[in-house]
Structure formats: C-alpha cells, structure tokens
Amino acid sequence: LVPAPILLWNTPATKQRLTAVTMSEEQVRSDIRDAYRAMRNFEPAESLGYIRAAEGRLQEIKKTWAADYDELRVAMLVIESEAEFMLDAAGKAAEAEAQFTEALSLMTRASGEMWQAAVLGRGRARLEQGKCRDAVADLSLLMERNPSHGAAFYWRSQALSCLGDDEAAKADEERARSLDSWPPLRDFMQSKREWGRDILCDPAVRTKAAGSGQ
C-alpha cells in the first residue's frame with residue numbers, strides 16, 4: 001500500500017502548485033541577478049527596483065508554500081543594503097548596519113562571497129557612523145578569512161585613521177595598493193566615486209590611471 005501522504009503529494013493540484021512555486025522562485029532568482037548586475041553598473045535605484053519586485057514575489061510564495069528561503073533573503077538584504085547605502089551613505093548607515101547584521105545572522109557559512117559582502121558592508125556602515133573600532137573588528141575578521149581582500153584593507157585603513165593610528169592605516173592602504181587580485185564583488189561593494197580611485201580598480205584600470213596621472 002502507498003502511504004496516504006504520498007498519495008496526497010501526487011495529486012494534480014499539488015503538482016500544479018509545486019510547478020507554480022518553482023517558476024516563481026526562478027523569477028525571484030532572476031530579479032536578484034538583475035539587481036546584482038545593476039549594482040555592478042552603479043545603478044542603485046534600478047537595483048532597488050528589482051529587489052522590491054523579488055521581495056513581493058517571495059511574499060506571495062510564502063503565502064502558499066512553507067519554506068524559509070534564507071538564501072534568497074540573504075542576497076536581497078545584502079544587495080538592498082548596498083543600494084540604499086550607495087544612494088545615501090550618511091542617512092542610511094544605521095539601517096544598512098542593521099540589515100547587514102540580519103543577513104549575517106541568516107548565513108550558515110562564514111566565508112562565502114555573500115558573507116564577505118555583508119561583513120565588508122557592515123564595516124563600512126559602522127565607519128560612516130563613527131563606530132571606528134567596530135568597523136576595524138569587522139574588517140579584520142574579513143581579512144582573516146580572505147587575506148587578499150583588497151577592499152577590506154582599504155576600508156580598514158580608513159577606520160584606523162579614524163582612530164588616529166596613522167602608521168597602521170598607511171600600512172593597510174599600501175597593502176591595498178599592492179593587491180592585483182580583487183574579490184568578484186569588489187565593484188559591487190564600492191560607490192562610483194570610490195571606484196574612480198586607482199587603488200579600487202582592477203589592474204588594467206589602475207595601470208591606465210597611473211599613466212594618465214590620476
């Protein structure tokens with residue numbers, strides 16, 4: 001005999017429901033990819049539009065399907081926080097810090113790209129609020145997990161300078177300048193203004209900037 005739960009699971013209505021949920025999930029993932037791409041192109045307002053669409057679809061899914069979707073929620077929190085922080089760093093710093101903290105609380109891996117993005121973002125948000133010691137703590141933790149994370153060295157140099165440790169700040173900035181390999185999220189993490197700095201570019205752009213005297 002086939003157990004009753006399996007019979008219920010195989011009903012046409014349940015299969016139709018599962019198909020609809022699967023399609024909605026894929027659309028949410030597509031929205032997140034588009035939001036990420038917009039952030040890489042320094043279009044935070046457009047990025048937020050995709051995130052809002054993803055959030056709406058995810059809420060509809062949750063009404064009919066019991067699941068946590070923490071992975072999707074993490075991505076949306078990180079991208080949304082970055083977009084809002086890029087649009088208004090001073091005004092959104094506290095909110096961004098809280099959102100990055102929420103994203104980190106949902107993560108099961110403390111080393112992946114999204115984890116690195118959230119820790120870096122929270123460090124920058126804390127620095128913007130003058131929480132320089134907290135910023136140094138976040139960025140130092142990130143650098144322990146990824147010693148080649150150039151952006152972390154740069155932002156920690158700013159936090160150390162905020163604390164008056166100019167010697168250590170200079171060492172971190174020099175380390176940032178020496179790194180030729182940047183994490184995949186490097187441009188996603190920086191504002192357009194900061195991306196123009198030679199130390200926050202990929203090697204080709206950095207070489208071109210140096211040649212033009214920028």
Side-chain angles (χ1 to χ4, degrees), residues 39-40 42 44 77-105 107 109-214:
M39 281 299 302
R40 288 177 64 92
F42 305 111
L77 277 169
V78 172
I79 296 173
E80 180 180 21
S81 302
E82 274 298 328
E84 292 183 342
F85 191 62
M86 182 181 286
L87 288 169
D88 182 10
K92 293 291 186 177
E95 182 179 342
E97 178 187 358
Q99 287 180 305
F100 284 127
T101 298
E102 181 182 352
L104 288 166
S105 73
M107 295 187 198
R109 292 185 57 207
S111 61
E113 288 182 4
M114 275 298 167
W115 180 87
Q116 293 182 48
V119 174
L120 179 64
R122 189 172 69 175
R124 291 171 53 221
R126 287 175 164 176
L127 176 60
E128 183 67 33
Q129 297 172 80
K131 300 179 179 179
C132 303
R133 293 190 186 280
D134 290 338
V136 168
D138 273 343
L139 298 166
S140 295
L141 176 60
L142 173 52
M143 290 154 64
E144 287 176 11
R145 305 291 170 84
N146 184 355
S148 298
H149 201 304
F153 277 96
Y154 171 73
W155 288 108
R156 193 175 74 167
S157 76
Q158 304 303 299
L160 289 168
S161 179
C162 167
L163 293 172
D165 193 344
D166 294 335
E167 184 175 348
K170 182 179 180 181
D172 271 4
E173 185 163 350
E174 288 177 352
R175 176 62 175 153
R177 290 178 182 274
S178 72
L179 291 170
D180 290 328
S181 179
W182 298 80
L185 297 180
R186 62 190 183 275
D187 45 350
F188 169 49
M189 291 295 101
Q190 311 304 327
S191 70
K192 191 169 186 178
R193 177 178 60 82
E194 293 293 350
W195 178 246
R197 294 173 60 95
D198 62 318
I199 65 168
L200 295 179
C201 298
D202 61 40
V205 177
R206 212 163 48 237
T207 300
K208 180 179 179 180
S212 64
Q214 295 180 4

**Student:** Which heavy atom in Ser81 sits nearest to a heavy atom in Leu77, and how many Å separate them?
**Tutor:** OG-O, 2.7 Å
**Student:** Would you mind listing every disulfide (SG to SG under 2.5 Å) that reaches into residues 139-174, with sequence neighbours excluded?
**Tutor:** Cys132-Cys162
**Student:** Starting at NE2 of His149, measure out to CG of Leu139 and round the result to the nearest 0.5 Å.
**Tutor:** 9.0 Å
**Student:** Return the minimal non-hydrogen interatomic distance between Gln99 and Glu80, and the atom names on each side.
**Tutor:** NE2-OE1, 3.5 Å
**Student:** Can you tell me how far apart CG (Asp165) and OG (Ser157) are? Round to the nearest 0.5 Å.
**Tutor:** 11.0 Å
**Student:** Shortest non-hydrogen contact from Met143 to Ala152?
**Tutor:** CG-CB, 3.5 Å
**Student:** Quick one: closest heavy-atom pair of Ala96 and Phe85, and the distance?
**Tutor:** CB-CD1, 4.2 Å
**Student:** Where do Ala118 and Met107 come nearest, in terms of heavy atoms and distance?
**Tutor:** CB-CE, 3.8 Å
**Student:** I'd like to know if the side chain of Ser161 and the backbone of Gln158 have a donor-acceptor N/O pair within less than 3.5 Å.
**Tutor:** no
**Student:** A side-chain contact here means heavy atoms from C-beta on lying under 4.5 Å apart; do Trp115 and Leu142 qualify?
**Tutor:** yes
**Student:** Would you give the length of the straight line joining atom CZ of Phe153 to atom CD of Glu173, rounded to the nearest 0.5 angstrom?
**Tutor:** 12.5 Å
**Student:** Do the side chains of Met86 and Met39 get nearer than 4.5 Å, heavy atoms only?
**Tutor:** yes
**Student:** Please list all pairs meeting salt bridge (Lys or Arg N to Asp or Glu O under 4.0 Å) that have one or both residues in residues 135-162, counting only residues at least two apart or in different chains.
**Tutor:** Arg122-Asp138, Arg126-Asp138, Arg156-Asp172
**Student:** Looking only at non-hydrogen atoms, find the nearest pair between Ala135 and Ala159 and report the distance.
**Tutor:** CB-CB, 4.1 Å
